[in-house]
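To keep things clear, I will list the structure first and then write my remarks on it.
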Amino acid sequence: MARVGVEQSLSDIQEALQAKGHEIVQLKQQGDEEGCDCCVISGQDQNMMGMQDTQNQGSVINCHGMSADEVCQQVDQRIQQ
C-alpha cells in the first residue's frame with residue numbers, strides 16, 4: 001500500500017486510509033511530506049502565499065467537499081497511475 005501524507009485536522013480521512021492499509025504520515029510542518037506517494041490537504045489554506053515551488057513529487061489531493069470514501073478512491077487512482 002501507499003505512504004500518504006494527511007493534514008492533522010483530517011482525522012476521519014486518516015482513519016479511512018489506515019483501514020484500507022495505507023501508511024499515514026501526519027503533515028504538521030514543511031518536510032513531513034518527504035517520501036509520501038501522495039498528500040491529502042483540506043484546501044483551507046491552499047497556496048496562501050502564492051508560492052509555486054513544490055517540495056513533493058507525489059500527487060496532492062484537495063479533499064475540500066469530499067467524503068472519506070471519495071478521498072480513498074482518489075488515493076487509489078493516483079497510486080495506480
Side-chain angles (χ1 to χ4, degrees):
M1 285 284 135
R3 182 178 168 108
V4 182
V6 182
E7 276 187 15
Q8 262 185 299
S9 62
L10 303 172
S11 58
D12 59 331
I13 292 172
Q14 289 179 27
E15 292 171 7
L17 289 167
Q18 281 180 322
K20 288 192 158 268
H22 296 293
E23 178 185 350
I24 303 301
V25 176
Q26 284 194 353
L27 301 177
K28 299 177 187 174
Q29 61 188 10
Q30 187 173 355
D32 289 344
E33 75 284 349
E34 290 182 28
C36 292
D37 297 306
C38 66
C39 294
V40 179
I41 61 169
S42 65
Q44 293 187 7
D45 59 357
Q46 182 180 9
N47 201 11
M48 285 177 54
M49 298 182 67
M51 298 173 75
Q52 297 297 321
D53 61 329
T54 59
Q55 301 295 320
N56 184 20
Q57 298 299 317
S59 297
V60 176
I61 299 168
N62 181 344
C63 69
H64 182 73
M66 297 171 70
S67 71
D69 288 335
E70 290 171 325
V71 173
C72 289
Q73 290 174 0
Q74 286 288 317
V75 168
D76 291 341
Q77 287 177 356
R78 306 258 174 114
I79 291 168
Q80 291 175 1
Q81 293 179 349

**Study point:** Heavy-atom closest contact (Glu7 atom, Ser42 atom, distance)
**Key:**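 Of all heavy-atom pairs spanning Glu7 and Ser42, the closest is OE1-OG, 2.8 Å.
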**Study point:** Closest heavy-atom pair and its distance - Cys72, Ala16
**Key:**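 Heavy atoms of Cys72 and Ala16 come nearest at SG-CB, 3.7 Å.
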Going from [atom1] on [X] to [atom2] on [Y], what distance comes out if it is rounded to the nearest 0.5 angstrom?
X     : Y     : atom1 : atom2 : result
Glu33 : Ile41 : CD    : CD1   : 11.5 Å
Gln14 : Asp12 : CD    : CG    : 8.5 Å
Gln26 : Gln8  : CD    : CD    : 5.0 Å
Gln18 : Met1  : CD    : CE    : 13.5 Å
Gln73 : Gln77 : CD    : CD    : 7.0 Å

Exercise for review: Scan Val4, Val6, Leu27 and name whichever one has a side chain to side chain contact (heavy atoms under 4.5 Å, CB included) with Cys39.
Suggested key: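 Of the listed residues Val4, Val6, Leu27, the side chain to side chain contact (heavy atoms under 4.5 Å, CB included) partner of Cys39 is Leu27.
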Exercise for review: Report yes if some heavy atom in the side chain of Asp76 is under 4.5 Å from a heavy atom in the side chain of Lys20; otherwise report no.
Suggested key: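 They are in contact (side-chain heavy atoms under 4.5 Å apart), so the answer is yes.
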Look at the side-chain heavy atoms of Ile, Leu, Val, Met, Phe, Trp and Tyr, link any pair under 4.5 Å apart, and say whether [X] and [Y] land in one connected group.
X     : Y     : value
Val75 : Met66 : yes
Ile13 : Ile79 : yes
Ile61 : Leu10 : yes

Exercise for review: Measure from the side-chain N and O atoms of Arg78 to the backbone N and O of Asp37, and report whether any donor-acceptor pair falls under 3.5 Å.
Suggested key: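 Pair absent, no side-chain N/O of Arg78 close to backbone of Asp37.
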